[in-house]
Amino acid sequence: MYRSHTCGELRIADAGKEVTLAGWVQRVRKMGSLNFIDLRDRYGITQLVANEDENKEINAMVEKLGREFVIQARGVVTERQSKNSKIATGDIEIKLLEVKILNAAATPPFTIEDNTDGGEDIRAQYRYLDLRRNPLKKALELRHKMAHEVRNYLSNVGFMEIETPYLIKSTPEGARDFVVPSRMNPGDFYALPQSPQTFKQLLMVAGYDRYFQIVRCFRDEDLRADRQPEFTQIDCEMSFVEREDILNTFEGLAKSLFKNVLGKEFPEAFPRMSYADAMEYYGSDKPDIRFNMKMNNITAQMQGKNFSVFDAAEYIGAIVVPGCAEYTRKQLDELTEWVKRPQVGAKGLVYIKLGPDGSIKSSIDKFYTPQELKAVADKIGATGGDLIFILSGDKKKMQGALGTLRLEMGNRLGLRDNSVFAPLWVCDFPLLEWDDETQRFYAMHHPFTAPKPEDMGKFFSNKKEDLEQVNANAYDFVLNGTEVGGGSIRIHDSKIQERMFEVLGFSKEDADYRFGFIINAFKYGAPPHGGLAFGFDRFCSLFGGQETIRDYIAFPKNNNGRDVMLDAPSGIDQIQMDELFLKSIAPVK
RNA sequence: GGUGCGGUAGUUCAGCUUGGUUAGAAUACGUGCCUGUCACGCACGGGGUCGCGGGUUCGAGUCCCGUCCGCACCGCCA
């Protein structure tokens with residue numbers, strides 16, 4: 001037996017017991033003939049004490065210890081003379097009788113503490129050491145708890161967890177696929193799934209009317225703090241359901257996560273917003289509604305006053321920044337530079353300051369009378385002490401830019417508190433997006449998404465304008481401005497599915513080659529169905545209050561998709577190469 | 001594919017604007033002292049390919065060019 005207790009469980013009630021602990025040496029504090037050791041394991045830290053008065057040889061053993069040594073310690077639980085309220089075991093310590101080194105350790109390259117001195121790079125290289133630290137341990141515990149709660153909730157409402165394959169067929173529409181060469185089928189490749197989309201729909205055809213899976217998905221695209229090449233989805237699908245059934249079911253799942261993981265109750269239904277409204281009022285398809293500061297279209301009010309910049313603009317939008325009328329010239333100049341950055345893309349920033357005394361000062365005083373500016377302020381609900389920002393130009397671009405500015409002002413005013421949660425359903429996305437470059441439509445969600453029933457007429461029209469107006473029966477789950485889930489009612493009629501491929505410009509042969517299996521399956525009794533997938537890593541990071549999902553993945557990839565610990569990806573040896581490629585692809589004589 | 005910031009002891013950083021003696025600090029590490037520490041304290045010590053390559057210069061950590069790596073973002077992510 002290596003240990004009788006963990007390093008997190010002994011309390012004052014255990015005083016007098018002889019116990020054996022095992023763990024890692026966090027720190028040794030040597031005080032001459034009285035020495036302390038903090039012993040750490042997954043469960044906590046327990047202080048060991050070596051007192052020469054009571055045990056003559058004990059300090060000789062302690063002398064040999066270094067940071068991160070793995071030791072076994074036998075001793076007696078004793079009440080501390082001076083307690084430490086910072087740790088759960090802080091009322092007791094173990095008076096050492098014996099210390100055994102189970103394994104020595106090299107000095108770690110960074111300190112294994114909550115506030116480590118190590119940078120991201122070195123910690124990624126030694127991920128197994130970084131994972132010993134509390135913040136990462138807490139993150140993985142949160143993830144485990146969430147996964148457990150998901151399985152619990154969904155199982156209780158009749159969902160079956162079914163695994164689907166990782167080696168599948170490449171369907172190069174949307175994100176790039178990771179591909180895997182097949183040794184037994186020289187020259188052919190598997191693809192790793194971007195999502196189990198088609199499989200879950202086939203499971204519906206097969207009659208497994210409530211399916212879920214916590215499943216790894218793969219996308220060979222550039223990374224971000226919240227995007228990894230392999231990531232995890234909570235993938236779900238249901239049969240004989242309409243949109244309401246799906247939203248209710250997964251709103252229930254989200255609420256149970258909030259309640260059982262974070263202890264937060266959401267008695268009301270989550271708010272809903274159309275895609276059109278999201279773009280109009282927040283300049284984003286994933287609005288952060290933790291704060292208001294909605295965008296206003298003031299194009300009509302501002303035009304016709306001989307201000308050529310505004311008169312030439314397709315769109316003029318404004319946000320009211322509460323209580324910021326005191327902004328200095330320097331602050332305004334800095335924000336003007338900020339919106340001009342390519343990432344935001346505005347040409348300039350117009351402001352109107354509404355003094356608390358009713359005075360009005362703006363960067364467009366030359367073109368507008370105070371009365372005209374006051375009328376605009378009244379219309380958008382700005383009052384004394386507020387600051388109005390106005391952007392103008394191309395509608396789509398400026399809505400995006402104003403939305404970005406809105407988020408930035410939210411940040412600067414501290415309105416985006418990570419301990420506050422504002423869930424939201426965004427619905428009624430356009431079904432199709434026209435791409436000028438390739439001169440064809442792309443599915444905004446994916447090609448299995450059903451058009452809304454009332455738009456079916458337009459869906460079969462051959463006019464581009466009609467098709468552009470078709471809405472999808474799709475919905476996103478948005479939390480604090482992050483898209484954490486998305487789904488749709490699917491097409492279950494093979495005629496409509498064929499029409500979809502036609503609209504997307506696939507020839508019959510093309511569609512058959514790529515998706516023949518599903519078109520075929522739909523001919524054998526596909527039930528009406530739909531579903532949703534949550535981005536599990538993002539869900540965890542939001543719950544944990546972090547921006548990056550890396551902390552919630554035990555062994556993540558870096559910015560360039562590399563695993564710096566393994567040094568992967570890497571070359572393979574010639575024998576492997578020959579078996580996979582060269583024999584078949586190189587000309588054989 | 002693009003933009004920005006960064007790369008200097010094991011680690012985190014300062015030094016670079018204005019080139020010039022032996023490149024500093026903190027922490028970690030080592031040695032010694034220390035009986036109530038818990039970020040223990042005190043003293044002493046060891047520790048550097050200034051990412052890499054090239055250029056300018058009498059002289060480059062510092063200036064210029066290229067390149068590699070890291071982070072954030074844009075494009076991309078059906």
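A note on names: the letters A, B, ... follow the listed sequences, proteins ahead of strands, and every chain is numbered from 1.
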Next item on the list: Kindly confirm whether the side-chain ring of F110(A) is stacked on the base of U11(B), judged by centres under 5.5 Å and planes under 30°.
Entry: no
Discussion item. Please tell me whether Y190(A) and Y166(A) form a close aromatic pair, meaning their ring centres lie under 6.0 Å apart.
Written reply: no
- Base, sugar-phosphate alone, or nothing: which one does E54(A) contact when heavy atoms must sit under 4.0 Å apart? nothing
Under a 4.0 Å heavy-atom criterion, the protein footprint on nucleotides 67-78 of chain B, written with B, S and -, is ---SBBSBBBBB
Residue set satisfying salt bridge (Lys or Arg N to Asp or Glu O under 4.0 Å) with D333(A), at least two apart, ordered chain then number -> R329(A)
Applying the 3.5 Å cut-off to both distances, the Watson-Crick or G-U partner of C71(B) turns out to be G4(B)
By the Watson-Crick or G-U definition, both distances under 3.5 Å, C63(B) is matched with G55(B)
query: Between K83(A) and G36(B), does any side-chain N or O lie under 4.0 Å from OP1 or OP2?
result: no
Answer for the Watson-Crick or wobble partner of U18(B), both distances under 3.5 Å, is none
Residues in residues 24-31 of chain A with a heavy atom under 4.0 Å of RNA chain B, by number, are R27(A), R29(A), K30(A), M31(A)
_R67(A) vs T107(A) side-chain heavy atoms within contact, under 4.5 Å_ = yes
Open item on the list: Quick check: F477(A) with W425(A) (ring centres under 6.0 Å apart)?
Closed with: yes
Rounded to whole Å, the CD1-P distance (I112(A) to A39(B)) equals 18 Å
Practice prompt. Tell me yes or no: between the side chains of T46(A) and E93(A), is some donor less than 3.5 Å from an acceptor?
Written response: no
Residue set satisfying salt bridge (Lys or Arg N to Asp or Glu O under 4.0 Å) with E468(A), at least two apart, ordered chain then number -> none
Atom CZ of F36(A) and atom P of C34(B) are separated, to the nearest Å, by 15 Å
With the criterion being N/O to N/O and under 3.5 Å, what pairs connect the protein with nucleotides 46-51 of chain B, and how long is each?
none

By nearest-nucleotide position on RNA chain B, the 5'-leaning member of P109(A) and V49(A) is P109(A)
In Watson-Crick or G-U wobble terms, with both distances under 3.5 Å, the base opposite G30(B) is C44(B)
Would you call E230(A) and R219(A) a salt bridge, using N to O less than 4.0 angstrom?
no
Open item on the list: Does this structure show an ion pair linking R538(A) with D226(A), if we count only N-O contacts that are shorter than 4.0 Å?
Closed with: yes
### Query
Do I45(A) and Q26(A) have side-chain heavy atoms sitting under 4.5 Å apart?
yes
pair_partner(U37(B)), Watson-Crick or wobble, both distances < 3.5 Å, evaluates to none
- [ ] Indicate, yes or no, whether a donor-acceptor pair under 3.5 Å links the base of C38(B) to the side chain of S82(A).
- [x] yes
Contacts of E433(A) meeting side chain to side chain contact (heavy atoms under 4.5 Å, CB included) (sequence neighbours excluded), chain-then-number -> M444(A)
